[in-house]
Q: 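I am attaching a structure below and will ask some questions about it afterwards.
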Amino acid sequence: MDAASRALRSLTAAGEVDLTSPWPLLCGALENLATGLWLCDGAGRIERRRRALSLGDEDMRDRQQHAG
C-alpha cells in the first residue's frame, strides 16, 4: 500500500488523523495544481497548446516505459 492509500485509509476508514496522514494527499493536490497553473500560464494559445501536447507526450512515454 502506498503512502497516499495509507493516508486516505487513516483519514476515512479509521477515523483518525495523525501528523503525517494529510501530507501525501496534499502533495498530490499541489502537484496537480502546479501542473494546471503551468499549462494555463503560457503566453498565448500556441504556447498553452505546446505545453499540453508536451505533457501528453511525456505521459505516453511514461506509460510505455512502465507497461512492461
Q: Check E47 with R50, please: is the shortest side-chain N to carboxylate O separation under 4.0 Å?
A: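 Yes.
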Q: Rounded to the nearest 0.5 Å, what's the gap from CG on L26 to CD on E31? Could you check?
A: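 Nearest 0.5 Å value for the CG-CD distance: 10.0 Å.
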Q: Other residues, nucleotides and ligands only: do more than 12 of their heavy atoms fall within 6.0 Å of CG on L33?
A: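 Yes.
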Q: What's the spacing between E58 CD and R61 CZ if we round to 0.5 Å?
A: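 These two atoms lie 6.0 Å from each other.
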Q: Look up atom OG in S54 and atom CG in D59, then write down how far apart they are to the nearest 0.5 Å.
A: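 Separation between the atoms: 11.0 Å.
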Q: Locate the shortest heavy-atom distance separating R51 from D41; write the atom from each residue and the value.
A: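 Minimum heavy-atom contact is NH1-C, 3.8 Å.
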